[in-house]
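The shown structure was predicted, so the numbers you read here are calculated from the model rather than taken from an experiment.
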Amino acid sequence: MSLFASDKNLALELVRGTEAAVMASGRWMGRGDKNEVDRAAVEAMRYMLNTVSMRGTVVIGEGEKDEAPMLFNGEKLGTGEGPEIDIAVDPIDGTRLMANGLSGAISVVAAADHDALFSPGNLFYLDKIVTGPDAADFIDIDAPVHVNIRRVAKAKNKAVDDVTVVMLNRPRNEALREEVCKVGARIRLIPDGDIAGALTTCWANGSTADLLLGSGGSPEAVITACAIKCLGGNMQCKPYFRNEEDEENAKGRGIDRHTVLELDDLVKGDNVFFAATGASDGDLLKGVAYRGAHIHTWSLCMRGKSGTVRYIEAVHSPKKLSLLGSAIDYGSRH
């Protein structure tokens, strides 16, 4: 059964999972404990997604089963009824951001038809290029940096020095950063969370970046690709090998340093859902806020087939949720 034939509110059901993750983990914001941030988010997301009418399988998760309490690759989620779907999760993209009280952390879930999502396996990192709809047809990961920046500038009717490039602040991206500087484009470095960073290139009104460049995690790339499909942007990736072992492992899958993964390689078709909720304040979404007896969240959900993007501001009552039998610990229940 395809997602299109399933409950039209499935995207909204997925948002319940991301909302739960940030409400539970947000109590640990700024307290310096990444493990507790992750534990709270994972347990809440798992509980909520298991109430959704679907036969879901986690294909982009956080390791194997023996690494519980992570949402592990191969884990089954949902009630066991409804559409058979593959799920990609990142309960908190930016756990370090959340633990250190920094901005930009989000919770994300993506879903697509069975076998539609690229499996990174032991391909841990990818070089990425992402842009929004205006310049979607003009990027080429094999082209020099200055060419891509100039193409994006032209497509968006901007001067080169008005173009903003977002990238992870990592030593492995330093050479790329120098190339961007030589062209004269602006750079916005982010400490973590390149899913949110990529999405900031895609808003028709209010985009804070024009282009994402640099290497980052491959699981995050697949999740990002789901969102880019919904938003009409474009994304391309190439393998980033840390060492010879990485390269040899990739060759066994027919992947080498010249392999280009197009958007359709990362997620097949447009039958895809994406949901995100802000964990800490960022360019993409406001972070979870605790206001006495209520918790406020800001989310978005998207559907690939329709291209619809919904923004959801929700007010939650932990006390009433507990009376309904929720096993999630949201903290205060005044």
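Ion pairing between a basic and an acidic side chain is recognised when a charged N comes within 4.0 Å of a carboxylate O; Arg188 and Asp283 show such pairing. Ion pairing between Asp115 and Lys268 fails under the 4.0 Å rule for side-chain N and carboxylate O.
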* To do: Evaluate the criterion side-chain contact (heavy atoms from CB on, under 4.5 Å) for residue pair Val58 and Leu77; output intermediate values, then yes/no.
  => CA-CA 7 Å; Val58 177; Leu77 293 174; 3.6 Å; yes

* To do: Kindly determine whether Val180 and Ile149 satisfy side-chain contact (heavy atoms from CB on, under 4.5 Å), including the steps that lead there.
  => CA-CA 8 Å; Val180 175; Ile149 291 176; 4.1 Å; yes

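In this structure, Arg27 fails the cation-pi test against Tyr330, since its NZ or CZ atom is not both closer than 6.0 Å to the six-membered ring centre and inside 45 degrees of the ring normal.
In this structure, Leu102 CG and Asp281 CG are separated by 12.0 Å, a value rounded to the nearest 0.5 Å. For the atom pair Leu123 CG and Leu261 CG, the distance stands at 7.5 Å (nearest 0.5 Å).
Val52 and Val89 fall within the same hydrophobic cluster, where Ile, Leu, Val, Met, Phe, Trp and Tyr residues are linked whenever their side-chain heavy atoms come under 4.5 Å apart, directly or through other members.
Around NZ of Lys158, the count of heavy atoms belonging to other residues, nucleotides or ligands within 6.0 Å exceeds 12. No more than 12 heavy-atom neighbours from other residues, nucleotides or ligands sit within 6.0 angstrom of CG on Asn157. Few gaps surround CZ on Arg151; more than 12 heavy atoms of other groups in view lie less than 6.0 Å from it.
Ser107 and Thr18 share no donor-acceptor pair across their side chains, judged by distance under 3.5 Å alone.
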